Structure formats: structure tokens, C-alpha cells
Amino acid sequence: MTESAFLAACRGEAASHTPVWIMRQAGRYLPEYRKLRQGTDFLTFTKTPDLAAEVTLQPVRRFELDAAILFSDIMTPVEGMGVELEFEGGPVIRNPIRDVESAQRLRIPDPLESVPFVLETIRSVRTELEGSVPLIGFAGAPFTLLCYLVEGHGTRTFSTARAFMYAEPDAARLLMTKLADTMALYLKAQAEAGAQALMLFDSWVGLLAGSEFEELAAPAVARVFDQLRDLSVPLIYFPNQGGHLLQQVKRLGSDVVGIDWRTPLSEARLKLGPDVTLQGNLDPAALFAPRDRLAERIDGVLRDASGEAASDAGDAVHTPGRHIFNLGHGIDKATDPDSVAFLVDTVHERTAR
């Protein structure tokens, strides 16, 4: 493929500009996605390679993004473990894990047998991209998946899942180990199918105190990454709302750490050190601002990432550093696509060497 600013930034190498992609860039804020999705339930949609590949490609066709990300869901691989999964506005688990026996019954599936549709989607997307931009594969981190598998559905506090950690510590450790090994196999299969970077989404890890993270979640994340390191593809970890965990995250060995909008990139850099690429971290709500205000917020993120002093200049130019521009969480479904185009173009213009 042509030289990729995204892959260069992942490796800490000089890039022609600061690369930009957006979490949930393939999805419901795009009218072409909503049109394609009509009449098809979400689970079927993700399991149909032609549809999933088309949705993966839609934002790359519309915007000058520096990477594509696979259209799928973090819950996709858990069905192969023996989990009864449905979507009713979000994931619903019909057989939640509440004890050691139910954790023991879970399988560690072969992704070639359990998720062949995901691998077919990746191969199709790589063919269609023709080397224009790299493709990111992804999975859910073990703790975030545990939250859904134990709780049975999404909540804001996952109180049942957190109580499970204390009431059933053996079951919790077993579940985390099985999830880690399943996600490692799943991500390895994605890389072998053609994914050029691998991302682990830990959407709910911010619920944990540092001691809980150290005891349960961090070893599972490390277990995933340890099994992927020989693949020689960049590894990305996104500990959502995990600013208080970053010094522990540093030891997990990912090449890139995603930062949500609550933690300044300059603060994250102090905690993570110079040898990790930062990814983030514009507040998704900023995409609803007028263009001049949005440009100010974009400049603020770029300054913070590069350690530059604040400037009043409206046409500030920023030197690309070890930074991938992204949102601090997934894009809101009501976002105007024109704001996304402005974001991408502004980042490129501000950082072009």
C-alpha cells in the first residue's frame, strides 16, 4: 500500500500529516448507512459480509480518512463461546454468567468456525480498498465483555457485574481468562485475514478503581496483547474514562492508547511517556459547534498533543507528532456529516508538512 500516515503514527515514525479516523465512523450518522440498513436487524447486518463490507467502506468513500475500521460489534465473537446473544436496542444475554459452573461451560472457539463472516468481510474490504488506507480490526476487552455477560444487558453502572467480581472471584478470573484467549484468537484471525492494526475497546473499564484494574482487568488485557505481539501489527487500547489508570495502562504494552475527552492529551503524555502514540480526543459534542468554534477545538487538541503553547492565530499550523486524531468516544448518531468532513480537512490542513 502507499505510505500510510496512520501506520507511521502508530509506529512513532514521521508522518506527512496527523492521521485522523473516527470511532464509529461506519454507522448511523451517515444517510447511506441508514438507507442500506432498512429492513435488516442489526445482528443479521453484521453477519452479512457484503453489507458489513459496504458499511466499512462508506465513510472512507465520503471523507479523506486515514484508516478504515471494520464494521462489526464487540459482542460478535461471544456467541461462539456459547452465549445466547440478541440485540434489542443493545446487546441482551439470555444466559448470563453468574457462577463458576456457567463460566466453565463457555468454549474458546476457533474463529474460522465461529466468525467466518467477519473474516470474509475483512478480505472483501482489503480488496476494495486497494491499499488506499489501512484497515483496523477490533474486539472488546475482557472486562467490558464480562460486564455484559454477567449483567445480561447494558447499564451505566453494571452493579451486578461489579458485585460478581467480589462475590465470585474464581468465576470472574476464569471468565476473564476465557475472554482474553477468545479475543486473542479472534484478533489474530482478523490480522491473518488482512487487518493491519488491531484495537481493543474497553468501554467500561473506567468503572474500576486502580486496585480492581490491577487485579482483574490489566492481566487479561496483557494476556491478549502478549498473544498478538508476534503479528507485527500495531496494537491499540482504548480504556474509556480510564484517565486514572494510565500509569498502569503504560505497562500493558500497546503501541497506541486511545484517550477519552475528559483527560487532556498533555496529561496522558506525562503518564504514558514518549514511546506511546496517543489517539484522540475531541469531545464528540464539539461536532455540533459552529465551524469557527469547531476549528478552535480541533486546534486545542492538536496543541495539547504536540505540547505547543496556546496561540490566538486562527490558522495555526501544528507539527505532526506521535498522535492520531480521533474523537474521545464514538460519534453521535445526530452528527452532520459535513462537520466530519470539516474536521478531517482541518486536521490535514493544520498538520501537513
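Note that the structure is a prediction, hence the values are computed from the model and not measured.
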Q: I'd like to know if the side chain of Arg24 reaches the main chain of Ile331, judged simply by a donor and an acceptor atom lying under 3.5 Å from each other, with no hydrogens or angles considered.
A: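 No, the answer is negative, given that no donor and acceptor are paired below the 3.5 Å cut-off.
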Q: Hey, is Asp181 close enough to Lys178 for a salt bridge, meaning N to O under 4.0 Å?
A: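 No.
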Q: Hey, are Arg322 and Glu13 close enough for a salt bridge, meaning a charged N less than 4.0 Å from a carboxylate O?
A: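 Salt bridge absent between Arg322 and Glu13.
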Q: Testing the basics here: between Ala180 and Ala220, what is the closest heavy-atom pair and its distance to 0.1 Å?
A: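 Heavy atoms of Ala180 and Ala220 come nearest at CB-O, 3.6 Å.
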Q: Angle between ring planes, Tyr29 versus Phe63, binned at 30° and 60°: parallel, tilted or perpendicular?
A: parallel
Q: Are side-chain heavy atoms of Thr121 and Phe71 found at a separation under 4.5 Å?
A: no
Q: Mind checking whether His244 and Thr263 have side chains closer than 4.5 Å, heavy atoms only?
A: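 Answer no - side chains too far apart.
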Q: Under a 3.5 Å distance rule, please check whether Arg269 uses its side chain to pair with a backbone N or O of Val276 as donor and acceptor.
A: yes
Q: Any side-chain donor paired with an acceptor under 3.5 Å for Asp202 and Tyr237?
A: yes
Q: Check this for me, if you would: do Glu101 and Arg105 make a salt bridge, where the nitrogen-to-carboxylate-oxygen distance has to be below 4.0 angstrom?
A: no
Q: Minimum heavy-atom separation for Ile136 and Phe6, please, with both atom names.
A: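 Heavy atoms of Ile136 and Phe6 come nearest at CD1-CZ, 3.6 Å.
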Q: For Val347, is there any backbone N or O sitting under 3.5 Å from a side-chain donor or acceptor partner on Thr351?
A: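 Yes, because the side chain of Thr351 sits within donor-acceptor range (under 3.5 Å) of the backbone of Val347.
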Q: Please determine whether side-chain hydrogen bond (donor to acceptor under 3.5 Å, both in side chains) holds for the pair Thr160 and Arg98, giving the CA-CA distance in whole Å, both sets of side-chain angles, and the decisive distance to 0.1 Å.
A: CA-CA 9 Å; Thr160 300; Arg98 298 288 171 80; 5.3 Å; no
Q: For residues 72-102, which residue pairs qualify under ring pair (Phe, Tyr, Trp, His ring centres under 6.0 Å), counting only residues two or more places apart or in two chains?
A: Phe42-Phe87
Q: Do other residues, nucleotides or ligands put more than 12 heavy atoms under 6.0 Å from Arg37 CZ?
A: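 Check passes, neighbour count above 12.
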Q: Counting only heavy atoms not in Arg94, do more than 12 fall under 6.0 Å of its CZ?
A: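 Correct, the count exceeds 12.
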Q: Checking the side chain of Ser4 only, and the main-chain atoms of Pro134 only, is there a donor and an acceptor separated by less than 3.5 Å?
A: no
Q: Can a salt bridge be assigned to the pair Lys35 and Glu32 using a cut-off of 4.0 Å between side-chain N and carboxylate O?
A: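 Result for this pair is no, no salt bridge flagged.
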Q: Hey, are Thr40 and Thr44 close enough side-chain-wise for a donor-acceptor pair under 3.5 Å?
A: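 Thr44 vs Thr40: no donor-acceptor pair found between side chains.
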Q: Please report the closest heavy-atom contact between Ala8 and Glu3, naming both atoms and the distance.
A: CB-OE2, 3.8 Å
Q: Test Ile324 against Val20 for side chain to side chain contact (heavy atoms under 4.5 Å, CB included), laying out the working first.
A: CA-CA 6 Å; Ile324 297 165; Val20 55; over 6 Å; no
Q: May I ask you to say whether Glu120 pairs ionically with Lys47, meaning some side-chain N is under 4.0 Å from a carboxylate O?
A: no
Q: I'd like to check the side chain to side chain contact (heavy atoms under 4.5 Å, CB included) partners of Ala5; sequence neighbours left out, ordered by chain and number.
A: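 Ala5: side chain to side chain contact (heavy atoms under 4.5 Å, CB included) contacts with Ala15, Ser16, His17, Pro19, Asp66.
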Q: Do NZ/NE/NH1/NH2 and the carboxylate oxygens of Arg350 and Asp299 come within less than 4.0 Å?
A: yes
Q: Please report the shortest heavy-atom distance between Asp260 and Gly242, naming the atom on each side.
A: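 Shortest heavy-atom contact: OD2-N, 3.6 Å.
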Q: Verify whether one side chain among Ser203 and Asn240 offers a donor that lies under 3.5 Å from an acceptor in the other.
A: no
Q: Are Leu231 and Leu187 side-chain neighbours, meaning at least one heavy-atom pair lies under 4.5 Å?
A: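 No. Closest side-chain heavy atoms not under 4.5 Å.
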Q: For a quick test of reading the model, state the closest non-hydrogen atom pair linking Ala305 to Leu265 and the distance between them.
A: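 Heavy atoms only, the tightest pair is CB-CD1, 3.7 Å.
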Q: Drop me the distance from His329's NE2 to Ile22's CD1, to the nearest 0.5 angstrom.
A: 14.0 Å
Q: Keeping to residues at least two apart or across chains, list the side-chain hydrogen bond (donor to acceptor under 3.5 Å, both in side chains) pairs with something in residues 204-218.
A: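 Qualifying pairs, neighbours excluded: Tyr148-Trp204, Arg162-Glu212, Tyr166-Glu212, Glu214-Gln248, Glu214-Arg251.
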Q: Can you establish whether the number of heavy atoms outside Asp292 located under 6.0 Å from its atom CG is more than 12?
A: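 Yes, because the 6.0 Å sphere around CG of Asp292 holds more than 12 heavy atoms from other groups.
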Q: Would you indicate whether the side-chain heavy atoms of Met199 and Leu235 approach each other to under 4.5 Å?
A: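 Side chain of Leu235 against side chain of Met199, heavy atoms only: no contact under 4.5 Å found.
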Q: So which atom in Phe342 and which in Leu294 form the shortest heavy-atom distance, rounded to 0.1 Å?
A: CD2-CD2, 3.6 Å
Q: Is the shortest side-chain heavy-atom distance between Ile122 and Leu135 below 4.5 Å?
A: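 Sidechains of Leu135 and Ile122: in contact.
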Q: Are the side chains of Val257 and Gln279 in contact, using a 4.5 Å heavy-atom criterion?
A: no
Q: For the residue pair Asp73 and Thr46, confirm or rule out a side-chain donor-acceptor distance under 3.5 Å.
A: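 No, because no side-chain N or O of Asp73 sits under 3.5 Å from a partner of the opposite role on Thr46.
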Q: Are Arg223 and Asp226 ion-paired here, with the side-chain N under 4.0 Å from a carboxylate O?
A: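 No, no charged N to carboxylate O under 4.0 Å.
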Q: Kindly check if the number of other-residue, nucleotide or ligand heavy atoms within 6.0 Å of CD (Glu64) is above 12?
A: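 Atom CD in Glu64 is not packed in, count stays at 12 or less.
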Q: Within this structure, what is the CE-CG distance for the pair Met165 and Leu207, rounded to the nearest 0.5 Å?
A: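 Interatomic distance, Met165 CE to Leu207 CG, rounded to 0.5 Å: 9.5 Å.
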Q: When rounded to the nearest 0.5 angstrom, what is the spacing between CG in Asp283 and CG in Asp332?
A: 10.5 Å
Q: Just wondering, are more than 12 heavy atoms of other shown residues or ligands nearer than 6.0 Å to CZ in Arg297?
A: no
